[in-house]
Amino acid sequence: MHVRGTVAGEVDVRSVATSYGESELAEVPLRPADDARNGESPARGDGGTATVADGRETTTVTLWNKWTESAELLEPGMELLVTNAKEEEYQGETQYATTGDSYVVVEPSFLVSVTSIRNWVECPRLYYLNKLSGVPLNYPVVKGTLVHEVFGDLLRGRDLEESIEARVEERGLQLGLLGETPAAVKEEIRENATAIEGWLEQGRLTEEDSWRSEQLLISETFGIRGRADAVRRGAPVELKTGKNLKKEPRFKDKVQAACYALLLEEHGGDVDIGTLLYTKNSALDRNEETGDLTPAKEFTMGDGLLKYVVRLRNEIAAMETAGDIPTGYEADAKCEYCFEQDTCMVVSGRLDQESKAGQIGQSLPDEELEYFDRFYRAIEDERREVHREYAKLWEQTAEERADDDRALIDLEFLEKRPLEGGRWELRAHNTGGANSKLREGDLVLASDGDPVRGSSELARIERLDDEIVITADEPVEVTRLDVYPSELTTDRLLVAMHDALLKGDDRRKEILFGRAKPAFDTIEETFIDNNDRQNEAVTKAVGATDCALIHGPPGTGKTYTIARAIRAMVERGERVLLSAFTNRAVDNALEALLEQLEDVIDEDRVVRVGSESGIRDDMEPYRLERAGDPEDRVATLQNAQVVAATTSTCGSRVMKEQAFDVALVDEAAQLTEPGTCAAINLAERFVLVGDHEQLPPVVRAENDLTESLFERLVDLHPEAGVMLDRQYRMNQRIQAFASNEFYDGQLRPATPDVAARTLDDLEGVSRDRLPESLQDPVSFVDVEGDRSQYTDSAEAARIAALIEAYEAAGLERSEIGVIAPFRAQVSEISTHVPDDVAVDTVDRFQGSSQEVIVVSFTATGSLEGPIFEDYRRINVALTRPKRALVLVGDAAALASDPVYERMLEWARR
DNA sequence: ACTCTGCCCAGAGGA
């Protein structure tokens with residue numbers, strides 16, 4: 001049976017004399033998991049149940065011999081899983097102990113990647129450095145990736161030359177940045193491919209082989225995930241681009257293969273043979289011991305190796321759970337042979353970390369060390385949240401998961417169609433309501449119903465409506481799609497923070513930490529002649545030698561100001577990076593910029609970097625295509641004077657090779673500090689534009705990431721900031737509340753026309769035709785709600801009637817927007833109102849505006865709940881309309897909070 | 001208690 005639970009106290013490790021001699025044992029007090037679903041977990045295929053019988057009381061699990069090493073890692077509160085345990089009666093109590101078939105897994109829901117384990121076995125410090133500073137663009141890595149892709153193609157039956165041609169073409173941009181020519185790269189790949197082909201031929205001659213390539217595997221039991229290069233007859237095959245003339249495979253390569261063996265074991269395999277394919281070994285190289293010419297090395301993976309791998313994995317999981325930083329002493333690697341030695345010493349020196357390699361250089365100032373510590377923790381908190389999302393893949397039932405919007409279930413599989421290159425196009429019919437987080441272009445786990453234990457594939461969504469089209473390596477009879485969680489964003493945040501602190505120049509850090517005041521050059525030019533603050537903002541942005549901060553409340557022409565500033569920079573010959581957190585914000589800013597840049601620079605000197613699915617269709621012509629001739633691709637990017645990309649893309653390998661004079665970050669109040677750093681790290685100076693009175697960054701965990709760099713710098717360097725104070729959007733009556741409540745009364749209409757705008761200005765609309773209660777630009781409709789928690793059908797019905805009234809007064813449906821706090825209420829309202837009325841959450845309405853806005857508060861009785869606590873959300877909701885705003889809600893509930901009460905008074909006037 | 005966007009996933013190799 002399997003035992004799973006939470007460590008309930010201190011672990012006792014000691015030696016005892018047994019009939020086999022001296023043995024080590026560890027006694028772990030364990031509170032068995034009370035989650036009933038645990039019992040269904042099939043884990044390993046021996047039919048055991050996964051949980052200890054009915055109890056909440058603490059029991060004891062004895063871990064024998066080598067497992068005591070994992071026991072030493074345990075802290076109270078950690079999760080523990082022991083497979084194939086035996087039950088023992090001791091002093092009338094039921095206890096458990098490991099058997100010869102047991103595995104001990106620390107924090108099993110923390111999914112460790114195979115690469116992590118491979119790095120860790122070499123040196124835990126190497127694992128840490130990889131995570132912290134990332135791997136820069138370099139040729140050996142790109143070539144390795146290419147060889148793997150070609151290998152995969154060969155296994156799927158693609159023609160060799162065709163594959164090489166296509167794969168090299170796809171990597172044009174990266175190869176160009178590395179200064180490689182296609183002909184030379186192809187030639188090198190051919191050499192590796194010859195070894196692969198020769199080996200494949202051997203296999204075909206001798207027996208029927210069954211092959212799988214690039215299989216993504218997740219183990220719920222061992223807490224490991226990874227992608228096997230290939231699986232032959234159920235056994236892992238690892239491809240290596242390098243040379244190895246020794247008889248034995250490298251140890252870390254064996255460990256990697258053993259990881260896949262564990263993963264395959266959980267998926268029903270039972271193998272003890274691993275194959276490593278060193279494709280640089282050629283016929284000219286003779287194995288020094290065996291004289292063997294083939295590149296393939298087969299080896300046996302014994303029980304001991306597999307268990308050792310799980311113990312390694314436990315070390316990582318325990319360290320990540322505790323939030324520790326490895327020193328290198330955990331391993332017996334020799335630092336003098338390590339090619340990361342210098343980096344390791346510098347990092348430990350700068351961050352004042354204990355390290356086996358020793359320290360070089362001077363430690364960062366205390367405040368920077370403290371900053372590093374705080375943000376390292378915060379980012380790792382986020383990472384743990386991503387890990388919890390992985391765990392939900394098996395902890396949630398399909399229905400729970402679909403409710404969570406992270407999956408589409410009960411699809412009806414329609415057909416499979418082979419594509420060129422051996423991939424497949426799969427089609428399924430979406431039977432349910434398609435209200436999920438999944439979007440076109442996303443990578444998902446496509447499965448036959450169970451993404452972890454069943455057959456599943458990493459697939460890309462090509463089309464998503466009633467009929468779903470995906471592409472994948474294997475023809476899964478897909479009936480379910482799951483979000484595949486990714487640590488990519490977290491990884492990039494960490495690297496961005498590392499770069500800002502360890503690679504950033506000193507002057508930049510003086511500014512970020514408030515040790516110096518931002519400086520400005522004097523600029524005489526007038527950029528905008530009818531709006532002083534906008535002009536001041538452009539002047540500051542252009543003249544800043546360090547940074548400028550532009551605070552732009554709703555409707556104040558933030559986007560125009562940015563575009564004007566960038567134009568001025570471009571005219572001065574500067575290279576500019578335009579960034580924001582979301583693709584939508586980047587595209588909006590770029591759209592305004594293109595208008596400004598007409599006649600200033602050629603269109604082809606403006607480049608949008610990002611994925612095809614992320615970029616808005618009308619910006620597609622500016623998108624940097626990665627595939628193509630290397631020289632040509634790299635010229636397009638280097639020649640660009642303006643590059644636009646999300647902050648996440650700014651952290652990509654390609655973007656990190658780029659340098660700019662200025663980085664301009666829009667919607668900067670929605671960005672975490674490390675997120676902002678990803679963009680500004682690439683430039684000499686920066687301009688942040690945003691409004692910290694609107695919504696803050698979206699983060700998974702409650703931590704230091706919730707305050708933006710923008711907001712912090714506005715406080716730290718008020719003299720670098722300027723607030724745009726004239727708004728071009730709202731009727732005066734509408735803007736009054738937000739102005740007083742959020743902007744100290746400083747926000748005012750830009751012109752008398754704006755102040756006086758009403759629905760009457762719109763063609764064919766007459767306010768007289770509205771009920772009297774709606775004739776004022778701001779009105780309140782008191783609805784006693786239906787008392788349900790996240791929806792309110794009474795409000796929804798009333799809103800439908802309001803929309804009819806506006807239509808009757810001559811408004812187009814497309815001129816009306818409805819905003820609600822909860823997604824559930826958004827879908828409730830959507831069922832009541834016509835399709836062409838925009839209905840969305842407050843959060844998603846940020847950044848846009850409408851002639852008429854109806855707000856559904858969805859609260860009866862009281863205003864309790866986190867969504868109402870952040871007043872910035874009301875600021876966003878109330879500042880979306882131009883000409884009319886209708887608040888719909890329960891007056892009694894709204895009056896229970898002072899801010900909402902003031903809002904009520906204003907609306908009812 | 002709720003809100004929710006990014007990202008080619010994980011791994012590619014050097015000595």
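Order of the sequence lines fixes the chain letters, A, B, ..., with proteins taken first and strands second; residue numbering starts at 1 for each chain. Keep in mind the model is a prediction, meaning the values are calculated, not measured.
In this structure, Phe845(A) places its CZ atom 18 Å from C1' of dT5(B), rounding to the nearest Å. Going from atom CD of Glu389(A) over to atom C1' of dT5(B) covers 12 Å, rounded to whole Å. Rounded to a whole Å, the OH atom of Tyr871(A) is 16 Å from the C1' atom of dC2(B). Following rounding to the nearest Å, Phe868(A) (CZ) and dC2(B) (C1') show an atom-to-atom distance of 9 Å.
Atom CZ of Arg212(A) is separated from atom CG of Leu264(A) by 10.0 Å, given to the nearest 0.5 angstrom.
Between Arg406(A) and Glu389(A), at least one side-chain nitrogen of the basic residue sits less than 4.0 Å from a carboxylate oxygen of the acidic one, meeting the salt-bridge criterion. Salt bridge annotation for Glu238(A)-Arg118(A): absent, with no cationic side-chain nitrogen under 4.0 angstrom from a carboxylate oxygen. Ion pair Asp404(A)/Arg401(A) not flagged as a salt bridge, since none of the NZ, NE, NH1 or NH2 atoms sits closer than 4.0 Å to an Asp/Glu carboxylate oxygen. Checked for salt-bridge contact, Asp253(A) and Lys297(A) miss the test: no charged N lies under 4.0 Å from a carboxylate O.
Under 4.0 angstrom from either OP1 or OP2 of dC4(B) there lies at least one side-chain N or O belonging to Thr841(A). Side-chain nitrogen and oxygen atoms of Arg844(A) include at least one within less than 4.0 Å of the OP1 or OP2 phosphate oxygen of dT5(B). Put simply, Arg873(A) has no side-chain N or O that comes within less than 4.0 Å of OP1 or OP2 on dT3(B).
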Please table the atom pairs, donor to acceptor, closer than 3.5 Å between any side-chain atom in residues 488-496 of chain A and protein atoms at least two apart or in another chain.
residue: Asp491(A); atom: OD1; partner: Arg383(A); partner atom: NH1; Å: 2.8
residue: Asp491(A); atom: OD1; partner: Arg383(A); partner atom: NH2; Å: 3.4
residue: Arg492(A); atom: NH1; partner: Ser648(A); partner atom: O; Å: 2.9

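Going from the P atom of dC7(B) to that of dT3(B) covers 23 Å, rounded to whole Å. Comparing the same atom, P, in dA10(B) and in dG14(B) gives a spacing of 23 Å after rounding to whole Å.
Within the 4.0 angstrom heavy-atom criterion, only backbone atoms of the sugar-phosphate kind lie near Tyr790(A); the bases stay farther away.
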Once each nucleotide of nucleotides 7-14 of chain B is scored for protein heavy atoms under 4.0 Å, what B/S/- sequence comes out, 5' to 3'? BBBBBBBB
